[in-house]
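Read the structure below first, then the notes.
To find a chain, count down the sequence lines: A is the first, B the second, and so on, and within it residues start at 1.
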Amino acid sequence: MEIRSLDIPEEVLQFYLDSGIEKLYPPQAEAIEKGLLDGKNILAAIPTASGKTLLAELAMLKSISKGGKALYIVPLRALASEKFDRFREFSSIDLKNGKDRGVRVGISTGDFESRDEWLGSNDIIVATSEKTDSLLRNGTAWMEEITTIVVDEVHLLDSANRGPTLEVTLTKLMKLNPECQIIALSATIGNAYEVADWLGAGLVRSEWRPTDLREGVYYGGNINFRGSQKLIAASSKDDAINIILDTLEDGGQCLVFESSRRNSVGFARRAGAKVSQLLDRPTRDALDSIVEQVLENGETEASKVLAQCIRNGTAFHHAGLNSAHRRLVEDGFRENKIKVICSTPTLAAGLNLPARRVIIRSYKRFDSNFGMQPIPVLEYKQMAGRAGRPHLDPYGESVLVAKSYGEMQQLFDNYIDADAEDIWSKLGAENALRTHILSTIVNGFANARDGLMEFIEATFFAHQNDTWGLMEVVDDCIDFLKEHDMLKGDTRLVATPFGNLVSMLYVDPLSAATMLDGLDKAENITELTLMHLVCKTPDMRQLYLRSGDYELINDFVITHAEEFSEIPNQFKDTDYEWFLAEVKTALLVLDWINERPMDDISKSFNVGEGDIHALAELSEWLMHSLSRLARVRGHPAADMAGMLEKRIHYGARPELMELVGIRGIGRVRARRLYDSGLKTVEDIRKADPAVIGKLIGTKTAGKLLREIGMHIDIDPGNPDDVGSKTMDSLIGNEQSTFSDFEK
DNA sequence: GCAATTGCGTTCTAGACAGCATGTC
DNA sequence: CTAGAACGCAATTGC
């Protein structure tokens, strides 16, 4: 189908023609035929890279040209910014719809809100599903103006954690805007028709891809495909490494999936030793510049390991990396400098990072209840689907690795030839219903038990299940919410001010109850008390308790026993071990706010920088909530919690709060200034600029002074020379040697 | 005699959304 | 109760 033949505004047509798009892919054409441009709802269950985004774009732009507004819902922040960047290109499209300007795009996620004066003034708003839910809870006015909703990765409905939120949010949006067009994008799933039916959408289902995908299994020196074989030279003992070398000699790149972080790091290192021999001079130079940036942007041992890998042309990727490292690895791979990424499932879904060949080294993953479990077909398909870069690779290949002939056959049957699983609503669980029942009442979508059931009837859960069994769970939730002063009334249910706050803070009602209950029970409230309460909530992610931790943490608990609001019975070991894990998590965050160096924290808790930031971010939000909740209850701990919130944000002790408030000054620089007697902004004003320059580097010092409103040039002599190098020698930071890594 | 290999026991296990108010090293 | 990879260390084989 020709793009010229579409019923879209001239300016939109020109935009796509300019970017070289003339014809639609078959699944896209099918969506058009099913009414995409006539406002019909569409569910597109098609592979990644087969043009889902274009589908959504056409519908959104068409709708905007008629004066509408689009909401694009994504599951990941990273995806939100990827889409945001893409849609910003539409600013050149003037739809002449009376607004006399290009298409405007805004973004709204937990960590990043559009700088635009008012989010709602945009034509397209990109948001995560939780943020959409939150906006809805806060009664955002423009939600009713939405005319097109795009739901990316709608198969996430199946996720136990996050599916219910997506489901309830969509239900609310449909109730709010019954005329609204919905474009749902999904991976290939078994029961796509069921989702389509729920949404009242036309179904486009296809396996079509712009780049050929061959799925195979490696066994006995060959990659075996259905009907063909490819011999892999055995130049190393490790099969997967041989497959990598084969890919590289063919000019391609490899994405390797592993089940654990340790394995992915280990494999990237081993593979690097071989891969490095194939690198040419220009590639080496390009890699060296990435290595430099990796070292500049890391504070822990892990940076050195990553640097060594990248020097060799490989890299690992998992959630323990800090965001700078993540970006360097992803970009380095996109620019074809890094040849191999060995990743945990971080890269399986979401980010657009295709490779010539995908190797799935392990299709099993640990589950604390069932041991090693094979991953779902859906997940396999998503990993395999990463193979083949459209327009760049002639084809893509995915390879599972088998250790026996039987295993190979099994892999063919269970993955390559298998259909993806059906997806199932997880809304029936009490922990999901608890929070959504509260928000539904707060929002006025229901105000009684019957109304609640009526609302639930409109969800995907009700579409798949009988709801008669749900009544009991719903009643349990209502009881819980009443018991904790979040709801009141009998025939007519109303949210209390406290319940309203819980809903707006976006915490699980159980978290709120846990925190307040803890405050009531605690006798001697200290920072530890509050930090532990935060770590005890179901919204917090706890650290694993490793062998040896038990004794250590237990000793700590004994010496600080009176600071905990409650200590479970030590002889009910599961309870007690959970408790110890909470305490361990609290200890990490306490280390963070007591300025323990990143590297120390990383070593003693065996976590990466990414984990530390994630835990800090999480506990900051919960500490904020604790503070707000305590305040409405008139509990004196509110102030202490407020201070802790601030300290978690900056990762510093109280005395640094003034300095750390200055832009460009974080925990490390603030500490350096403070310890040299520059304890306040006023001290800095009075200080000799040269002294400040010595402490934190001339460049930063200049920025600092400008930031506090002073315009003084420092040391006009040789400005470039006094940068970070001086700093390093000042604090004895050896520019590390990496010889110890290459065994 | 010393290096390489095998064997055994131990250890550990993926990811990531949200508030609020503006900016880490 | 469930599984498997990797590592460290010791015993064994190999030259």
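- Residue A:I662 contributes atom CD1, which lies 21 Å from atom P of B:dA21 at whole-angstrom precision.
- In terms of modelled atom types and a separation under 3.5 Å, the side chain of A:S627 and the main chain of A:M623 share no donor-acceptor contact.
- At a threshold of 4.0 angstrom between heavy atoms, the contacts of A:D133 with the nucleic acid are absent.
- Partner of A:E258 under the side-chain hydrogen bond (donor to acceptor under 3.5 Å, both in side chains) criterion, out of A:H318, A:H317, A:R361, A:R365: A:R361 alone.
- Between A:R77 and A:E617 there is a salt bridge, with a side-chain nitrogen of the basic residue lying less than 4.0 Å from a carboxylate oxygen of the acidic one.
- Taking 4.0 Å as the cut-off between side-chain N and carboxylate O, A:R663 and A:E707 count as a salt-bridged pair.
- Side-chain proximity of A:L76 to B:dA16, B:dA18, C:dA6: nearest is B:dA16.
- If you take OH of A:Y380 and C1' of B:dA14, they are 20 Å apart, rounded to a whole angstrom.
- Contact annotation for A:S362: no contact, since no heavy-atom pair falls under 4.0 Å across all strands.
- Ring-to-base geometry does not place A:F370 in a stacked arrangement with C:dT2 (centre distance under 5.5 Å, plane angle under 30° required).
- Both thresholds, 5.5 Å between centres and 30° between ring planes, are met by A:W621 relative to the base of B:dA18, so the two rings are stacked.
- Within the 4.0 Å cut-off from OP1 or OP2 of C:dT2, not a single side-chain nitrogen or oxygen of A:S368 is found.
- Atom CD of A:E620 is separated from atom C1' of B:dA18 by 12 Å (rounded to the nearest Å).
- Nucleotide B:dG23 has no partner under the Watson-Crick or G-U criteria, as no pair reaches both atom distances under 3.5 Å.
- With B:dT13, B:dG15, B:dC17 as the candidates, the nucleotide lying closest to the side chain of A:H318 is B:dG15.
- The listed nucleotides are B:dA18, B:dT13, B:dG15; the one nearest the side chain of A:L618 is B:dA18.
- Per the geometry, CZ belonging to A:R262 stands 12 Å off P belonging to B:dT11, to the nearest Å.
- Using a 4.0 Å heavy-atom cutoff across all strands shown, A:G664 reaches sugar-phosphate atoms only and no base atom.
- Per the geometry, CD belonging to A:E645 stands 16 Å off P belonging to B:dA18, to the nearest Å.
- At the heavy-atom level, A:S625 lies nowhere under 4.0 Å from the strands shown.
- With C1' as the reference atom, C:dG4 and B:dA14 are 16 Å apart, rounded to whole Å.
- When distances run from any side-chain atom of A:T128 to the nucleotides B:dG19, B:dA14, B:dC17, the shortest one goes to B:dC17.
- Taking the side chain of A:R365 as heavy atoms from C-beta on, and the options B:dA14, B:dC17, C:dA6, the nearest nucleotide is B:dA14.
- Comparing A:H317 and A:D539, the nucleotide of DNA chain B nearest to each residue sits closer to the 5' end for A:H317.
- In the set C:dA5, C:dG4, C:dA6, C:dG4 carries the atom at the smallest distance from any side-chain atom of A:K364.
- Between A:R162 and B:dG15, a side-chain N or O to OP1/OP2 separation shorter than 4.0 Å is absent.
- Residue A:S260 has its side chain nearest to B:dA14 when only B:dC20, B:dA14, B:dC12 are considered.
- Among the atoms of the strands shown, none is found under 4.0 Å from any heavy atom of A:A614.
- Side-chain contact annotation: A:S676 with A:K694, donor-acceptor N/O pair under 3.5 Å absent.
- Residue A:R270 is classed as a sugar-phosphate contact, given heavy-atom separations below 4.0 Å to backbone atoms only.
- Classified by interplanar angle (parallel below 30°, tilted 30° to 60°, perpendicular above 60°), the ring pair A:Y415/A:Y363 is perpendicular.
- For the pair A:M372 and A:G266, both in contact range of DNA chain C, the more 5′-proximal nearest nucleotide belongs to A:M372.
- If you check every strand for non-hydrogen atoms under 4.0 Å, A:S259 touches sugar and phosphate atoms only.
- Taking a pair to require two hydrogen-bonding distances under 3.5 Å in either a Watson-Crick or a G-U wobble arrangement, B:dG15 remains unpaired.
- Of the candidate nucleotides B:dG19, C:dA6, B:dT24, B:dG19 has the atom nearest to the side chain of A:Y506.
- A:R628 has its CZ atom 8 Å from the P atom of B:dA21, to the nearest Å.
- If you take CD of A:E379 and P of B:dA16, they are 12 Å apart, rounded to a whole angstrom.
- Listed nucleotides B:dT24, C:dG4, B:dA14 differ in distance to A:T344; the shortest reach to its side chain belongs to B:dA14.
- In this structure, A:R633 satisfies the cation-pi test against A:F498, with its NZ or CZ atom closer than 6.0 Å to the six-membered ring centre and inside 45 degrees of the ring normal.
- Counting to the nearest Å, the P atom of B:dG15 and the CZ atom of A:R541 are 8 Å from each other.
- Surrounding CE of A:M504 are at most 12 heavy atoms belonging to other residues, nucleotides or ligands under 6.0 Å away.
- When distances are taken from the side chain of A:R663 to each of B:dT13, B:dG23, B:dC17, the shortest belongs to B:dG23.
- Nucleic acid contact class of A:K403 (heavy atoms, under 4.0 Å, all strands): sugar-phosphate only.
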